[in-house]
Every structure is written in structure tokens, then in C-alpha cells.
Amino acid sequence: MASLQHSPAIKDAKVLMVGAGGIGCELLKTLALSGFQDIHIIDMDTIEVSNLNRQFLFRQSHVGQSKAKVARDAVLKFRPHISITPYHANVKDPSFNVDFFKQFNVVLNGLDNLDARRHVNRLCLAADVPLVESGTTGFLGQVTVHVKGKTECYECQPKPAPKSYPVCTITSTPSKFVHCIVWAKDLLFAKLFGDKNQDNDLNVRSGDVASSSEHADDAFEQRKDEDVEHYRRRIYDHVFAHNIEVALSNEETWKNRNKPRPIYSKDVLSDKLSQQNGTVDGSSATDNLPSLSAMTSLGLKNPQDVWNLMENSRVFLEALKLFLVNRKKEVGNLTFDKDDQLAVEFVTAAANIRAASFGIPLHSLFEAKGIAGNIVHAVATTNAIVAGLIVIEAIKVLEKNTDAYRMTYCLEHPSRKMLLMPVEPFEPNKSCYVCFKTPLTLEINTRRSKLRDFVEKIVKAKLGMSYPLIMVGHALLYEFGDDLDEDMVKNYSANLEKVKSLLCVSKRFLKGQLVSFLFPLFFWKKALMMMIWSFSHFYYFQVLSELPSPVMGGTILQVEDLQQEFTCNISVKHREEFDEEKEPDEMVLSGLTEAPSMAKDDNHSIGNGGSTSNALSADITEAKTDVEVEEISDGTEYIHSGKKRKLPEVSQATKDVSDDETRNHKNVEKLDDEDDDIVMLDHPDVDNQKKQRLQ
Amino acid sequence: MNSRILQPNMRPLTSPNFTGFSNVIRFVLSLFATGARLRIFRFTSFLSNSIELKVVSAQLTSVRAFDFSIFSSLSFFVRFPAINHYLYRLGLNMDGEELTEQETALYDRQIRVWGADAQRRLSKSHILVCGMKGTVAEFCKNIVLAGVGSVTLVDDRVVTEEALSANFLIPPDESVYGGRTVAEICGDSLREFNPMVSVSVQKGDISSFGGDFFDKFNVVVISCCSAGTKKLINDKCRKLSKRVAFYTVDCRDSCGEIFVDLQSYKYSKKKLGETVECEIQYPRLEDAISVPWKVLPKKVSKLYFAMRVIESFEEAEGRKAGEITIGDLPALLKLRKEICETQSLNESHVPSILLERLVMGAREFPPACAVIGGILGQEVIKAISGKGDPLKNFFFFDAMDGKGIIEDISNEPPNK
Ligand SMILES: [Zn+2]
């Protein structure tokens, strides 16, 4: 390697970049300057204002446009004669399959989330294309090289596991501000403004669950002749006073803890004061529809200020009112969004009031937004450095200079005089379930857990598969998205109960052979579709041990993702009891290269669905259902294979339903054609059904 | 009086019609009246005969907004001779201790890294940069994105193919050069990156500028200059009453070097939950490089010695910085031998192969520029914001081994 700079490999290389965000912009620029001629770039994101401080290829006027396309145009301005092919698409899109990947000499990742990284890793392994992987957080960064058979794959090493909080910490015994944020965002916000049918643990578990929960649920409904003013005060008192009082009544809980203080709205706000609010915002709120803000109507300006209890209470009541009055239409199907100013204000205020109740220090809106919105710390310099290092590794990979491959860590504090620390890459991990296909072990209660639990919590969340297919021996147990109705996916949980009851009914009908003429009488078309859907997914809600090919201790499950061309085997171990706090999923998957959750102090915790790198990260679909928060474990050192490693890495779990919408859409039409296809009921074997459909 | 169209993004970020060229006319008027040079940089609602202008100068402590009819405005500028040096910034309240909404939105992610306080200090800092090659272009991009107050560029070269090679701030389109200097063309590109940062160009020979010129800056970064010039400027900065952070940076082939002089630098850092006050003493460039080689720790980066040998060669031969080719290698190796003998250092510390790479690779390696420009950007941000441990006092990067190493080369041995 006489000179990296004049390597002939550069000119002929065809390079795929995944991600055009913080690292991506820098990378594209450096590739172009270094003489690369044929660059393809995939990014599904559009440009946002908060990207502009480091994604220097983008301008204010580009906000809302495709990152990949704008980045291409910007780079062509200073290197007009090279070829850059942009794709404004999700890298998980089925068109980016193994054949697509095979056309490239090297793949360079500038991604922001674990899910996509794992996906690209598997495709690179399947296509046998080298991968240069990267990530940054603040001043920390890393670049690693993954060449099949030569170095470890991206998933050979443990990734910090998502940090999840026990439900009761969130509902009853918060001790950190992040607990209050999770409570305000995932419980209170969801309860008040989200889907009413969602499971919600908002109310404190008290002695007699049955009676109190019934009463409590009523409390969140606005009564018929109740005005907003009364309703919002009642909600305030219910969640910040009543629920605390209920919790306090459980003496056991507070033996070794500081007791929380119930906060009543009348103690914090004089009636006069809140009346005044009422009149002021009444006028301003109507003027200012596009950007509703409780802060604005209350005259609070600086998002860096920490509001006192009274200010928080006013923001809380004001935000609640603005939601109920000015955004009435959205109430009932809102989900928390960090870019929704009013939602951030509401969550900040609610979390702060709760924090005050529990003696936890209050935080500013700016800080709360960071925690709640899982905002990743990012600066331009680290991205630039990392991009430079990626290109250096890419050139070595193109030259097949195996001995020179390095993984490099950018450190904030020098270690052995080094700010940039190159480390020889590790060999593939022989127990890696991805590149060595080592079987995994799953401990699960096969008599209680359903197929759905396995698919959602293990196959999608833990194994990172998008299009899974599950087999036991030769029997197909499950195939993703084959015949899901698009609406049903969206209203998934809402419909769950209906579907179940329909199932009961239809089961009875089946026995009586009444299907043929009674169905048209009782069900209209939509219900019929739901029937078909539910039958094809009959086993989805079935307990594992009762499936046609029963899953029990000793069963080997073969889980496959067709797009990733990745298969792994899971051997099942039956287990009766699980620790409710430590193993809330009631499943333990081992053999996965996953590190023990390395919780650091809350300074670094960044909320739900955290991500490593940069920019792109901002727009991650959030994992909604589980109350879990992930933490950054930047620079946490631990020993592996006798060598010291640093992993300034954050992982995240993402559920991505929207990707599959197009696919599902097709299936809706298909279902329509098959309206009268109740014959399927005669073949409740899922395996056969699928095969029929495919014909 | 000359005028030209300014970049489209000089309007505040909140303006609804930000992208529209048609209803916004912005241009720069550079007036040379009674020694004052002024620029109008923002016209809004041209048709309604209203100009909103904000001028911030080094003397003015607050942003002043004026609303004029288009006709009276011109005469106003001629009657405004008191300002000798000024800086303009949009949408920023220099008086207040608070960041504007626009700044908070734009800098959101980095405020989460270094805090609002550091961001405020950044926005009030003024930076002088000399020698616009690839590494410096990277550095400028980084600090402009970070949101410093102003950047002043010095580089009177005209654009050559060599100047283009690693510098993404220069478009390869000769039609835009129009006899303008590298600094002027780079300035145009930089302005686009962040409308809240003022970018200006200073013409002339940097070594002839007096102390009062350097006094206007908080940070001075020198590149592509002879060792003599660097030392000279370093000393000029040292003589000023206020502390000016001084840096040099150079990149050859895939190697680079950064030198830092923060004089006496005090900062606070968090250690085990407590805030500790720290103070670091830096030597001048001249003092640092005259530390006898034999007293340096054994493992000092070979790049340090190699760069000094090349510097000595250029100085002895009366060459400009970087004016050295492979043909000079034999003479260079001879010089190495002499220096190593006087310094009683084994020649193996300055490998021939390394010297050969350095003299052959006159052009910078773009990935190395990105790395070194990134590190320099980080260091300058640290020095301005007072957050984080600054490096003392040399940094070396070599893409061949991938190491980015800090070396402390000062009069007193570091581990004393
Ligand atoms: Zn592996």
C-alpha cells in the first residue's frame, strides 16, 4: 500500500452509502473529494431544521425534501462529473434485496438505529459484500469493518440491551426524572389523548384492583355536562393527588422509601389565577392555530428555564385545555411526537409535577424534550472525523488489504495519548447466531405464551426481522403480512378483543354446520373480512403448546427472514415461572450476542428507542407498547475475548409497521376477491391455507 | 461602491418566504467612505420601500435594527463613518444572555452536547483563519456550522487545480472565479452553510499585520505558512493584553499536525461529580519546537520529527511552505542526518519512507483533511466554550496507521 490517496481501486469502485444524515453528508463529500466515481445513496428521511447545524449539504430552503436527493445535488456542485444515484427509500424496502447489494464493492453505513444496521449487516453477509459501519454520539464515534469470514460481523459483538424499567417503578415508585417522563408520555399522554382501547397501567395498583380500577377509568372520561375547566382540574387532582393518595395507602411500599406528596390543583393555583389564564388563552388560542403552545399563551419563553411547580401546573392545565378545545379532532388517536410542541409541553409539565410529588429535581422543557423524544446528541466535527475514517477503511477494503483493516474509536478523553484509537478487528465470533448460525435458546412458558408474543417480542424485537417466517420442521407456523388487512394492522390492538369474540362465535357456528347461510345474515362485509383475517391468524393468538404443530420444550423453531436471507434456529425450553419485574416478557432468549444492560447514571439516558449516531435518528418510529427506555452507554468499557473494547454505542428497538403498508394493501384487494372463500374454514391448517392463497 | 447578490439564506429563519428570490433582494454594498466599510446585507420587502437592516459592530454591543425607505438608507450609510470594523449577525441578540428561538432550533443537537452557555460563548467568538487548503476548509465548515460569531479568511492565492483538489468550498467552475482570491470564493461557500455566521475576507500578507489586527480575534488558525511566519504571529498574539488562542495546522499526504498555544488556560471540569478548576500552561511555538529532542519521551510520534526536518529544510532553502518535491529528497535526508546528529537522536526516529511520503504527497488526502479539520474544530470549540480538556500541545494523525495522537512537547517534561 504505497499510498492510500492514489489507489487505483477508488476509481473503479461502486459504493453503496446507507444514510444521508450527519455522517452521510460528510461521507458523501469526502468520497467525492477522494475520487470515488460511482456512489449510490439510500435515505428515507426528509430534511429538518435541527439537521442544518451539522448536515452541511442542506439549507433552510431544503427543509422537507429528500436527504438523499438534496445531498446528491449539493455534492455535484463541487464534483460535477461523478455519478451519484439517490434513493429516497427505506433500506428495508424489499427492492433492496441481496441481488441489489451484490452489485456493490463495499457498503458504507451512516445509520442511526440498531434495527437498520442489523438489517444491512445481514444483507451484506448474504451478498458477501464488505461493510464499513459507523456511529457517533456527541464527541464519541466509531468505525468498524465487517468482511465475511475475515472479521466479525456487526452482530458478533454484544450490543447494549435496551434498558427497560419495571412497570411498578413507572406507575408507583419513580426515583429518576426519566421515570416521570415515561409515565407522562407513555401512560398519561396515551391515556388522555391516545387510543382509548390500549392497555394502560396508569392507575396505581392498589389492594383491591377490581373496584378501584373501574372507578378510575371513569375518571378520565369527560362527563356529559362537564366543562373543560372543571374537567382539567379534576384530571389534575386525579393523577397528581388521588392516585398518590391511593399509593400512599399501601404502607408496605413506603417502608424504605420517601413518601410522595399528593398535589392538589387548589394548593398550587389560586382560583383567581387560573381564571385569569382562562380568559387570556381563550382569545390567543384561537388566533394561533398552526402552532398551539401553552408556553406562548402563558408568556413563558425560554425552553431552557426550569419552571416551578406553579408554572408547570399552569402549563399542564393550559396544554390539556388546548388539546381538548383546539385539537379535539385528534384526541383519541394521538401518539407522542417530539416535534409536537404542545405534546412536549404537556409531557414536560406532567413529568415535572410528578417529579415534585416524589421529590425528584425538576427539568427544563429542553431537557425533557431530549429525554422524551430520544434526541441524540450530535455535532458536526465527530461526524466529519468518522466520515474520514470510513473512507480510509473503505479504500483498504477495496484494495483487499486485510492486514490493514482497523476499527477506530473517537474518544472524548484521550486514552494512551490517543484521541483516535485504531484497534485490530476481531475474528468472527463462533457463537454468533447471525454469521455462524449458532442456535439460540428460548425459555418460555409454552402453555401460557401465545404465538403472537413470540413473534412480537422475540422475532421482531430481539431478532430484528422484518418479514419473518416461522417453521417447525416442515410445517409453516407463521408468515408475516401474508394476509393482514391494512386497517387491521393499524387498529391491531383495538380489534383484538372483537376478533377474539368473533372467533368464539364462529367456532360454535362451525360445529352446527350453520356457516353457509347464517353468516351473510349476521355479518356484513367488513365483519366477514375480519373473520377471514382472524381465521388465517387464528393461531396467531393461540397458546404455543396448542398449535397444530405444538411448540413445547425441545421443539426447534426455524425463523427465517426472506429479505435478509437470514435463518436462525431457536430451541425451546419450557419454563413455568418468570420474575415479573426482571423478566416482564415472560421469555428469556439466550445465545443472542447481547450485553447485560449497562445502566449508567441518568445523565445519559435518552429515552425510548435511542440510537447511536446522529441526525437520521431523529425520526425513529417508537416502540410504543412496552414501557422501556434505553440508555446510552457511551464509552463503557468491558472485557471481551481478553481485549479491552469500547463501545460508544446505543442500541434501539424499533417496530416498523409502516414499511409494510404497501404489501398489506395488495392483500386487501386479494381478500376482496375471496369474499366467499369460507371454504378455508374447512382447512384450519395455516400451512395449507397459505399455499392455497399463493396459487 | 460595488454590489452583488448575496446568498438566498440571509433572511432570518422564521421568515415565511425564506426561499423566494423574487420578493427578497439582498445585496452587499461595500462603501469606502471616510475609512469606513459597510455592508447592507438584508433587504426585505423591497417593493414596499422598506429596508430592515441590522448591523452589529465590534463597537456596538447590541443589534440595531433600522427601518428606512430605500432612498434614505443609502445616504445613511455614507453618514455613518464611526464604524471601522464591524460584524453582522442576523436574528441574534448580542445583548441578551439568551439564545434566540432560531438558534435554539438550529443548534438543538449540539446544545445537547455542550450546553446553552457554551453556545452563547461560541456565538460571540471571532476567528481568523489563514491558508485555505483542504484541512482548513474542513475546519471552517465545522466552526461555521457550530455557530461562531464571525470567521475572517486570509488567502490571496488565485484558484489553481492544486487549490481545488481537497477543497470542497471551491466550485470547479472557472466562470465564478472572476479574478477573485481563494479566500473570497471560499467565503461565499461558507456563508451558505450558516446564515447566522458572518464570514469576511482580509486581503494582504498575514505576516505584515500588526497586533491591533489580531486583537480583534479570539482564535487564530494559521496554515500553509513557513515556520518563521507561524512563530511571528504566535508572538504577536502573545503580546496582546487578552488571550488569543493560537493554532497551526498542516496536512501533507495522509498525515497531519496540529499545534496549540492557549497560553495560560483555565477551565473547570467535572470530576467525580465535583467541579474542579484546572489550569494548563502552554509554551510558545518557538519554545516548544526548540525543546531538545533527546529529552523528549521515547515514543514521540515520528511525524513530529519529520515535520521539523521538512520545516528546517524549507527555511534553509528559502522555500515557501509546501514548496518541496521528491527531487529534494536526497538533500532532505542529508539534513535529517545533520539534525539527528546535533540532537543526538537515532535517525530511525525519522524514517526515510515517512519523509518520502511527506514530500511526495503535496496534495492533501481528503479523508485525512476531514479527520484533522474535525479534531481542530473540536479543539477550537473547546477553547472558546471552556468545556472539556483541551489538548496540549501537538496532535498528529497518520491515515496509514490510523492513530490520532496527542503529544505534550513543552519546556518542562510532562511527567515532572
Ligand atoms: Zn457475526
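The chains referred to below are lettered A, B, ... by the order of the sequence lines, with proteins before strands, and numbering in each begins at 1.
For a residue to count as touching a neighbouring chain, one of its non-hydrogen atoms must lie under 4.5 Å from one of that chain's; by this rule A:Glu26 touches chain B with the side chain only. Contact of B:Asp389 with chain A is made through the side chain alone, with heavy-atom distances under 4.5 Å. Using a 4.5 Å cut-off between heavy atoms, A:Phe58 does not touch chain B at all. Using a 4.5 Å cut-off between heavy atoms, B:Ala166 touches chain A through its backbone atoms (N, CA, C, O) alone. Interface remark: B:Lys403 contributes backbone and side-chain atoms alike to the contact with chain A (heavy atom separation under 4.5 Å). The contact between B:Glu138 and chain A is made entirely by side chain atoms (from C-beta outward), counting heavy-atom distances below 4.5 Å. For chain A, the nearby part of B:Phe395 is the side chain; its heavy atoms alone come within less than 4.5 Å.
Between chain A and the options B:Ile111, B:Asp401, B:Ile381, B:Asp173, the largest number of non-hydrogen pairs under 4.5 Å is found for B:Ile111. Across A:Val391, A:Ile392, A:Val63, the residue that shares the most heavy-atom pairs under 4.5 angstrom with chain B is A:Ile392. The residue among A:Glu412, A:Arg416, A:Lys369, A:Glu367 with the most heavy atom pairs within less than 4.5 Å of chain B is A:Lys369. Top candidate by heavy-atom pairs under 4.5 Å with chain B, chosen from A:Ala380, A:Pro414, A:Pro303, A:Gly388, is A:Gly388.
Ion pairing between A:Arg406 and A:Glu393 fails under the 4.0 Å rule for side-chain N and carboxylate O. Classification of A:Glu399 and A:Lys396 as a salt-bridged pair fails, no side-chain N sitting under 4.0 Å from a carboxylate O. Salt-bridge check for A:Asp73 with A:Lys77: failed, with every basic side-chain N at 4.0 Å or more from each acidic carboxylate O.
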Kindly indicate, with the supporting measurements, whether the criterion side chain to side chain contact (heavy atoms under 4.5 Å, CB included) is fulfilled by B:Ile258 and B:Ile372.
CA-CA 8 Å; B:Ile258 296 172; B:Ile372 298 155; 3.9 Å; yes
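The aromatic rings of B:Phe168 and A:Phe78 sit tilted, their planes meeting at an angle between 30° and 60°.
Taking the side chain as every heavy atom from C-beta outward, A:Ile390 and A:Ile23 approach each other to under 4.5 Å.
A:Thr382 and B:Gln378 share a donor-acceptor pair across their side chains, judged by distance under 3.5 Å alone.
Aromatic ring centroids of B:Phe365 and B:Phe397 lie 6.0 Å or more apart.
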